[in-house]
Amino acid sequence: MAVVNDIPISASDGVSINHQFTRAQARAGLILALPATVLIAALLIGPAILVFVLSFTDASLGLAGARFVGLSNYVRMLTDPGLSHSLRNTALYVLVVVPTSIGWGLLVALLIARSPFATLYRTAYFLPVAATLVALATAWEAILHPSLGFANTMLQLLGTSPVRFLSDPDTAIYALAGIGVWQLVGFNMILFLAGLSTIPEELYEAAAIDGADRGVKRFLLVTWPMLAPVTLFVTVMTIIRAFSVFETVAVLTKGGPMKSTSVILYTFYEEGFRFFRVGYASAIAVSFFVFVTLLSLLQMRISERRQRTSTNGGRS
């Protein structure tokens, strides 16, 4: 029996006091978390549920009432030529942006990792990530102007005829992809630099003993395998961000010319806020959310499997 403040306390009384203290802590935690929980529900969960419900209706912005139409909006997505065209444009954008921004980001990270001017280079490459994309898109509009832009001025100095970067259906999507690469390289570079900083120096010393002291051989033997988890994360994040392109399209081309830059999120915007087909726009939003969620889960599954494989290999 314990004595607290000259009062004897039995073991059962101590357990009861501990339980009461634990319950009081739990209640205090719930009270403190309640405002944030309500805010999340009001700003995220509630609207998400509303969009999901609206995707099964023929709701239109500005018209009263909505009729339940089941899966009609989702079936329409499979046969909508405009949406199919947007998907092709998005896929082309992703195919250009993802490998280029990942490869360029890794190359820049490798080049500046040991540079005495690393801080300056990091700042320069990370500025597009930190700046407002709408403002940057406006700057790119001036740079790519068909007659007064800096890009065409340089081409004319090199003896090349001007290019209508944003007004030619054959070049517009590639011009937007170039801007996307420019924006994502800095983000990927920072992640790769973080991964490079975690590689033990002993591995490079061991590789040097085996004859891989520099160059491609050292990169393939040590750097690339050790960057595998970072590379997987960078790849998934870059794919998601490339599929989510919207601001540059909305500011620079508005889906044109001739729908050559109409991407999936801009189609969603047009359906919901230009044509006021809220039900159909909600179906597009739900489908896009499901795709991004499945991609994230796939990334987690691959990461867990890779971690289990490396752990088992280390034990063996």
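What's counted below: heavy atoms across the whole structure, side chains too, no hydrogens, waters or symmetry copies. The shown structure was predicted, so the numbers you read here are calculated from the model rather than taken from an experiment.
Taking the salt bridge (Lys or Arg N to Asp or Glu O under 4.0 Å) definition, one finds that R274 meets it with E270, sequence neighbours left out.
With contacts defined as side-chain heavy-atom distances shorter than 4.5 Å, the pair F243/V292 does not qualify. Between W104 and M189 the shortest side-chain heavy-atom distance does not fall below 4.5 Å. Residues I45 and I49 have side chains in contact (heavy-atom distance under 4.5 Å, counting atoms from C-beta outward). Under the 4.5 Å side-chain criterion, counting only non-hydrogen atoms from C-beta, M154 is in contact with L157. I199 has its side chain within reach of T223: a pair of non-hydrogen atoms, C-beta onward, lies under 4.5 Å apart. The shortest side-chain heavy-atom distance between T231 and W224 falls under the 4.5 Å cut-off. Residues I102 and L106 are not in side-chain contact: their nearest non-hydrogen atoms beyond the backbone lie 4.5 Å or more apart. In this structure, the side chains of P257 and P169 come closer than 4.5 Å at one or more pairs of heavy atoms.
Remark: side-chain polar atoms of R277 are not paired, donor with acceptor, to backbone N or O of Y280 under 3.5 angstrom. Using a distance-only test at 3.5 Å, with no hydrogens or angles considered, a donor-acceptor pair links the side chain of T171 to the main chain of R164. Formation of a donor-acceptor pair under 3.5 Å by the T90 side chain with backbone atoms of I264 is found in this model. Formation of a donor-acceptor pair under 3.5 Å by the S101 side chain with backbone atoms of V98 is found in this model. A donor-acceptor pair is defined here as one N or O able to donate and one able to accept, closer than 3.5 Å; such a pair exists between the side chain of N89 and the backbone of S262.
Pairs of residues two or more places apart, or lying in two chains, that qualify as salt bridge (charged side-chain N to carboxylate O under 4.0 Å, His left out) and include a residue from residues 45-73 are D58-R67.
In this structure, F273 places its CZ atom where only 12 or fewer heavy-atom neighbours from other residues, nucleotides or ligands lie under 6.0 Å away. With a 6.0 Å radius and a threshold of 12 heavy atoms from other residues, nucleotides or ligands, Y269 has its OH atom at or below the threshold. Atom CZ of F289 is surrounded by 12 or fewer heavy atoms from other residues, nucleotides or ligands within 6.0 Å. W182 CH2: more than 12 foreign heavy atoms inside a 6.0 Å radius. Remark: F246 CZ is packed, more than 12 non-hydrogen atoms of other residues, nucleotides or ligands lying under 6.0 Å away.
Residues N152 and S147 come closest through the heavy atom pair ND2-N, 4.5 Å. Counting all heavy atoms, side chain and backbone alike, R76 lies closest to E271 at NH2-OE1, 4.4 Å. Residues V97 and V181 approach most closely at CA-CG2, 3.8 Å, considering heavy atoms.
Note that CG of L50 and OG of S55 are 10.0 Å apart. Values are rounded to the nearest 0.5 Å. L191 CG to M237 CE: the interatomic distance, rounded to the nearest 0.5 Å, is 8.0 Å. Atom CG in L107 sits 10.5 Å away from atom CD1 in I112 (nearest 0.5 Å). For the atom pair L158 CG and T153 OG1, the distance stands at 11.0 Å (nearest 0.5 Å). Rounding to the nearest 0.5 Å places CZ of F165 at 12.0 Å from CG of L176. Distance OH/Y174 to CD1/I179: 15.5 Å, rounded to 0.5 Å.
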Candidate pair T261 and Y93, rule side-chain hydrogen bond (donor to acceptor under 3.5 Å, both in side chains), full reasoning: CA-CA 9 Å; T261 60; Y93 180 91; over 6 Å; no
Side chain to side chain contact (heavy atoms under 4.5 Å, CB included) assessment of L227 paired with V234: CA-CA 10 Å; L227 284 178; V234 168; over 6 Å; no
Stepwise side chain to side chain contact (heavy atoms under 4.5 Å, CB included) check, F150 with H145: CA-CA 8 Å; F150 175 77; H145 192 277; over 6 Å; no
